[in-house]
Amino acid sequence: MRAKVTKAIFPVAGLGTRFLPATKSVPKEIMTLVDRPLIQYAIDEARAAGIKEFIFVTSRGKSALEDYFDHAQQLESELRKKGKTELLEILKETNMDSGEIAYVRQHKALGLGHAVWCARRLIHNEPFAVILPDDVIAAEKPCLQQMVEAYAETGGSMVAAMEVPPEKASAYGVLDVQEDMGSVVSVKGMVEKPAPEAAPSNLAVIGRYILNPHVLKALNKKETGAGGEIQLTDAIAKEIGTERGVYGFRFRGQRFDCGSKAGFLQATVSFGLSRDDLKDELMAYLQEVIALDKAAQ
Ligand code: G1P
């Protein structure tokens with residue numbers, strides 16, 4: 001029997017400079033898509049996949065994140081007094097039981113691999129998930145759950161993967177495919193942010209991982225890679241050719257790059273349109289904007 005994946009690491013230490021000035025005082029992960037912060041989508045996805053322990057790798061200025069997952073006693077008692085049961089239900093999603101959530105600090109921004117390594121003492125000899133909250137994935141079956149199911153067959157380490165336009169590949173970790181089995185591919189190489197001419201394919205790593213604990217051992221070496229940072233991709237690549245191996249998983253769903261402004265706006269529109277309470281008004285507005293734009297041309 002394969003060990004169950006019950007822990008997930010959420011690297012949330014980034015400065016979020018692309019969203020300044022907002023991120024001067026608001027952690028990027030608290031920025032909202034419709035009415036839920038980015039981090040809530042990531043947590044919901046993890047829960048759906050059977051994750052029981054949530055490990056946040058944070059940095060200075062992220063205390064709003066800790067408060068978000070704390071019980072808001074005063075707010076809750078006010079709502080209870082007023083009989084606002086629906087809102088109380090909504091708040092429940094944000095509550096974490098004591099001990100379910102852990103915070104470790106990354107003292108220096110040394111890269112994604114380093115951020116994951118900061119959580120090493122909370123992971124024992126067990127597979128663990130990593131979720132990058134910037135990558136928001138809308139899917140009928142949540143992406144990490146799809147991966148947990150695929151991982152039950154493959155073992156090893158698994159990364160979410162998606163074909164991107166070839167000219168965009170150098171913004172990602174990129175997979176060199178050994179065998180393409182459809183949704184699962186076995187991997188014979190992976191490169192972080194390759195130069196355009198060096199990209200082995202256009203199959204890019206997206207921010208969902210199920211990793212063998214050996215990856216943490218590779219991170220112990222603190223080797224730097226692309227951009228002078230300690231890269232998670234490089235540590236995973238060390239698992240290629242071991243008996244465990246590395247797999248890419250083409251998930252079913254739509255991924256939004258909420259680390260970019262355009263991606264964030266697209267996600268906002270898409271999530272707005274999927275909401276019964278907002279759809280009609282938002283669609284009417286979008287149609288109006290498009291009509292005005294056409295008329296102006
Ligand atoms: C990180 C990873 C990269 C991956 C990407 C997905 O890069 O290092 O391998 O393709 O997330 O979003 P970042 O976007 O943090 O530069």
Side-chain angles (χ1 to χ4, degrees), residues 10-11 14 16-19 28-29 31 33 38 41-42 45 111-113 115-116 129-147 150-151 154 156-211 215 225-227 229 231-237 239-240 245-271 274:
F10 300 81
T17 47
R18 279 198 264 179
F19 286 92
K28 168 174 76 164
E29 300 76 17
M31 295 194 351
L33 284 178
L38 280 187
Y41 293 91
E45 187 179 328
L112 178 59
V116 168
V130 176
I131 295 188
L132 310 187
D134 271 5
D135 280 331
V136 174
I137 300 173
E140 215 159 282
K141 183 185 279 186
C143 178
L144 191 65
Q145 193 183 347
Q146 296 176 34
M147 287 174 73
Y151 170 81
T154 63
S157 289
M158 179 175 276
V159 300
M162 178 181 110
E163 262 85 19
V164 297
E167 69 279 7
K168 298 253 168 82
S170 49
Y172 295 89
V174 179
L175 300 181
D176 195 356
V177 173
Q178 174 152 42
E179 196 186 341
D180 196 329
M181 295 160 274
S183 54
V184 175
V185 304
S186 63
V187 170
K188 65 174 178 208
M190 56 198 291
V191 206
E192 180 67 17
K193 307 208 167 59
E197 64 284 1
S201 73
N202 66 334
L203 190 56
V205 176
I206 300 302
R208 302 289 183 278
Y209 308 77
I210 296 176
L211 300 178
V215 172
E229 295 189 338
Q231 295 292 354
L232 184 59
T233 299
D234 297 342
I236 301 170
E239 284 291 286
I240 296 170
V246 177
Y247 298 88
F249 179 74
R250 288 193 187 94
F251 55 93
R252 296 171 298 284
Q254 189 179 6
R255 175 254 186 179
F256 296 95
D257 175 10
C258 289
S260 79
K261 287 175 210 175
F264 202 100
L265 288 170
Q266 286 158 16
T268 301
V269 172
S270 175
F271 281 69
S274 69

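For this chain, numbers begin at 1 and follow the sequence in order.
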Sidechain-backbone polar pair: Arg208 side chain, Asp135 backbone, donor-acceptor under 3.5 Å
yes

If you look at every heavy atom in Leu175 and Pro200, which pair is closest and at what distance?
O-CG, 3.9 Å

Could you tell me if the side chain of Val136 sits less than 4.5 Å from the side chain of Gln266, heavy atoms only?
no

Nearest 0.5 Å please: distance from the CE atom of Met190 over to the CG atom of Leu203.
10.0 Å

Do other residues, nucleotides or ligands put more than 12 heavy atoms under 6.0 Å from Glu140 CD?
no

Can any side-chain N or O of Gln178 pair as donor or acceptor with the backbone N or O of Lys188 at less than 3.5 Å?
no

From Leu112 CG over to Thr233 OG1, what is the distance, rounded to the nearest 0.5 angstrom?
7.5 Å

Rounded distance (nearest 0.5 Å) linking atom CD1 of Ile206 with atom CD1 of Ile137:
7.0 Å

Taking side-chain contact (heavy atoms from CB on, under 4.5 Å) as the definition, give me every residue that meets it alongside Val184, ordered by chain and number, with sequence neighbours left out.
Ala150, Thr154, Met181, Tyr247, Phe249

With rounding to the nearest 0.5 angstrom, report the OG to CD distance, Ser170 to Glu197.
9.0 Å

Verdict with reasoning, Val215 to Tyr209, per side chain to side chain contact (heavy atoms under 4.5 Å, CB included)
CA-CA 11 Å; Val215 172; Tyr209 308 77; over 6 Å; no

Side-chain contact test, heavy atoms from C-beta onward, threshold under 4.5 Å: evaluate it for Tyr172 versus Val205 and give yes or no.
no

Once you round to the nearest 0.5 Å, how far does CD of Glu45 lie from CD of Gln146?
8.5 Å

Set of side-chain hydrogen bond (donor to acceptor under 3.5 Å, both in side chains) partners for Glu229, sequence neighbours left out
none

Any donor and acceptor pair, going by atom type alone, linking the side chain of Asn202 with main-chain N or O of Glu163 inside 3.5 Å?
no

For the side chain of Glu239 and the backbone of Gly156, is there at least one donor-acceptor N/O pair under 3.5 Å apart?
no

